[in-house]
Amino acid sequence: MLETEDVFDEWFFNSFKRYHKLQMFGVDKPVLSMELSCNSSICIACEKPEENGFEILNLELPNKLYQIENEHDSISTSRDLKIKCGTLTDNQLIDMKTLFGKSKTILSEKGVNKVTIYEMDPHKSDQMIPLVNIDSKVESGQLAVDYTTDTLIIWGKENSHHTGCIFNIENNMKTFMIRDVPNDPMCIYTPHFMSKNELVVQNSENGSFDLYDLTSGQHVKNVNLPESDHHAKWFLNTAYTSSKEITTFNLVLISNSGTVLTYDLRNCKTPSTYQKELFSKCNNNINISIDPYNSHNYAVSGFDSNVYIIEKSNCNRNFVYKFKHEGHMFTEDEDLCQNTITSSALWLPMCGSNTLLSAASDGSIQGWQYIS
């Protein structure tokens with residue numbers, strides 16, 4: 001016990017030199033994913049232990065997170081996450097996406113062949129209100145959303161073949177289907193916007209990805225990675241931000257075997273960065289979040305109890321470690337928790353540069369601004 005206290009004390013005192021902000025919160029369930037719902041709130045998906053369903057909560061961020069350095073507290077300064085509204089799912093959650101700034105969240109559940117759009121208005125109810133059930137007939141649909149165009153992508157299996165359904169959320173209309181996709185029916189695929197008219201879909205089993213034109217629904221090209229790793233799963237993110245309505249040509253891929261690649265889609269023949277063993281191997285899902293202030297910075301979670309800030313170096317085309325957030329290894333009682341796995345990290349640009357919110361499998365949620 002004394003050794004644990006010494007480790008915590010050392011980390012805590014060092015935090016004064018490493019952080020401008022550091023706040024620790026918690027919920028009583030493992031947090032599996034997290035999405036910004038607006039500039040002042042987040043949606044989290046929590047697993048209900050020993051049950052199939054999930055709990056979805058919309059939480060208001062404390063204004064303490066918005067304080068600038070050395071700013072004094074006022075009487076109204078809130079320090080805790082506040083539950084605004086929530087709901088429960090009856091089935092395993094496949095994916096969750098929010099319509100940023102529109103008080104809506106979209107949930108995809110296993111085995112129901114539909115996704116549901118919920119309204120999050122605490123003035124009406126403390127329960128998220130189901131608005132629309134989109135009957136996509138797609139099994140276990142993975143989601144991508146562009147809230148500026150109200151476009152929803154549902155990507156999954158239909159009759160053992162992968163397909164993409166494109167919906168206009170505002171009109172609740174299916175605009176078209178992407179069929180005859182060159183995919184393996186045994187694999188899982190995840191969609192990501194590159195622009196409002198371009199989509200990248202990744203095979204999680206081997207990391208390969210396909211590009212699609214959303215104006216025509218046509219397959220553009222397939223890109224295979226330089227070498228395969230049959231014992232790893234792959235995860236991807238792009239620098240596209242729908243609020244800015246810009247096109248990005250860059251994407252980053254990370255496997256849970258520790259390999260990191262980046263691609264410039266203007267030249268897909270070879271990755272612009274290819275680095276092995278940057279992280280230790282694991283069997284977990286990996287979350288990648290790209291710094292909105294600097295697209296060369298990535299927050300990576302899921303390998304262990306830490307969140308890693310890595311930076312793409314212009315000198316040697318490799319990644320370097322910029323910062324390691326170790327707060328999730330400690331419980332609220334300051335005990336050392338060796339089995340905690342970070343599940344997600346979000347950049348909070350409205351709270352200042354280098355500011356993030358991260359969550360973990362022990363229910364801990366932490367807001368922090370690191371000193372670079």
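Model, not experiment: these values are computed from the prediction.
- Under a hydrophobic clustering in which Ile, Leu, Val, Met, Phe, Trp and Tyr are joined whenever their side-chain heavy atoms come within less than 4.5 Å, directly or via other members, Val138 and Met173 fall into different clusters.
- In this structure, Thr175 contributes its side chain and Asn168 its backbone to no donor-acceptor pair below 3.5 Å.
- Follow the hydrophobic side-chain contacts under 4.5 Å out from Val145 and you never reach Ile94; the two are in separate clusters.
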Identify every side-chain donor-acceptor pair in residues 52-59 under 3.5 Å, counting partners at least two apart or on other chains, and give the distances.
residue: Glu55; atom: OE1; partner: Lys29; partner atom: NZ; Å: 3.0
residue: Asn58; atom: OD1; partner: Ser37; partner atom: OG; Å: 2.9

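- Judged by distance alone, the side chain of Lys21 and the main-chain N or O of Leu65 form a donor-acceptor pair under 3.5 Å.
- Taking the side-chain hydrogen bond (donor to acceptor under 3.5 Å, both in side chains) definition, one finds that Lys102 meets it with Asp150, sequence neighbours left out.
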* Criterion side-chain hydrogen bond (donor to acceptor under 3.5 Å, both in side chains) on Ser305 and Thr340, from CA distance to verdict -> CA-CA 5 Å; Ser305 60; Thr340 299; over 6 Å; no

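- Of the possible polar contacts, one joining the Ser108 side chain to the Gly141 backbone as a donor-acceptor pair under 3.5 Å is found.
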In a table with atom names and distances, give each donor-acceptor pair under 3.5 Å that connects a side chain of residues 251-259 to protein atoms at least two apart or in another chain.
residue: Ser255; atom: OG; partner: Ser257; partner atom: N; Å: 3.3
residue: Ser255; atom: OG; partner: Ser257; partner atom: OG; Å: 2.6
residue: Ser255; atom: OG; partner: Thr259; partner atom: N; Å: 3.3
residue: Asn256; atom: OD1; partner: Lys233; partner atom: N; Å: 3.0
residue: Asn256; atom: ND2; partner: Asn284; partner atom: O; Å: 3.1
residue: Ser257; atom: OG; partner: Asp229; partner atom: OD2; Å: 3.1

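- Both Met329 and Phe16 belong to a single network of hydrophobic side chains, linked directly or stepwise wherever heavy atoms of I, L, V, M, F, W or Y lie under 4.5 Å apart.
- Without hydrogens or angle criteria, Thr262 side chain to Thr273 main chain gives a donor-acceptor distance under 3.5 Å.
- With no hydrogens or angles considered, a side-chain donor-acceptor pair links Asn306 and Tyr308 at under 3.5 Å.
- Side-chain contact of Asp362 with His328: a donor-acceptor pair under 3.5 Å is absent, judged by distance alone.
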* To do: For the pair Gln142 and Tyr189, evaluate side chain to side chain contact (heavy atoms under 4.5 Å, CB included) and give the outcome as yes or no after the intermediate values.
  => CA-CA 7 Å; Gln142 298 283 338; Tyr189 293 83; over 6 Å; no

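- Looking only at distances, a side-chain donor or acceptor of Thr342 sits under 3.5 Å from a matching main-chain atom of Asp304.
- A side-chain N or O of Asp146 and one of Thr148 form a donor-acceptor pair less than 3.5 Å apart.
- Between the side chain of Ser295 and the backbone N or O of Ile290 there is no donor-acceptor pair closer than 3.5 Å.
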Would you mind writing out the side-chain donor-acceptor pairs for residues 114-123 within the sub-3.5 Å range, not counting sequence neighbours?
residue: Thr116; atom: OG1; partner: Asn133; partner atom: OD1; Å: 2.8
residue: Glu119; atom: OE2; partner: Lys124; partner atom: NZ; Å: 3.2
residue: Asp121; atom: OD1; partner: His123; partner atom: N; Å: 3.0

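- For the 3.5 Å distance criterion, the side chains of His325 and Tyr19 qualify, holding a donor opposite an acceptor.
- Residues meeting the salt bridge (Lys or Arg N to Asp or Glu O under 4.0 Å) test with Glu227, sequence neighbours left out: Lys276.
- Using a cut-off of 4.0 Å between Lys/Arg side-chain N and Asp/Glu carboxylate O, Lys137 and Asp135 are scored as salt-bridged.
- In this structure, Glu139 has no salt bridge (Lys or Arg N to Asp or Glu O under 4.0 Å) partners at least two apart in sequence or on a different chain.
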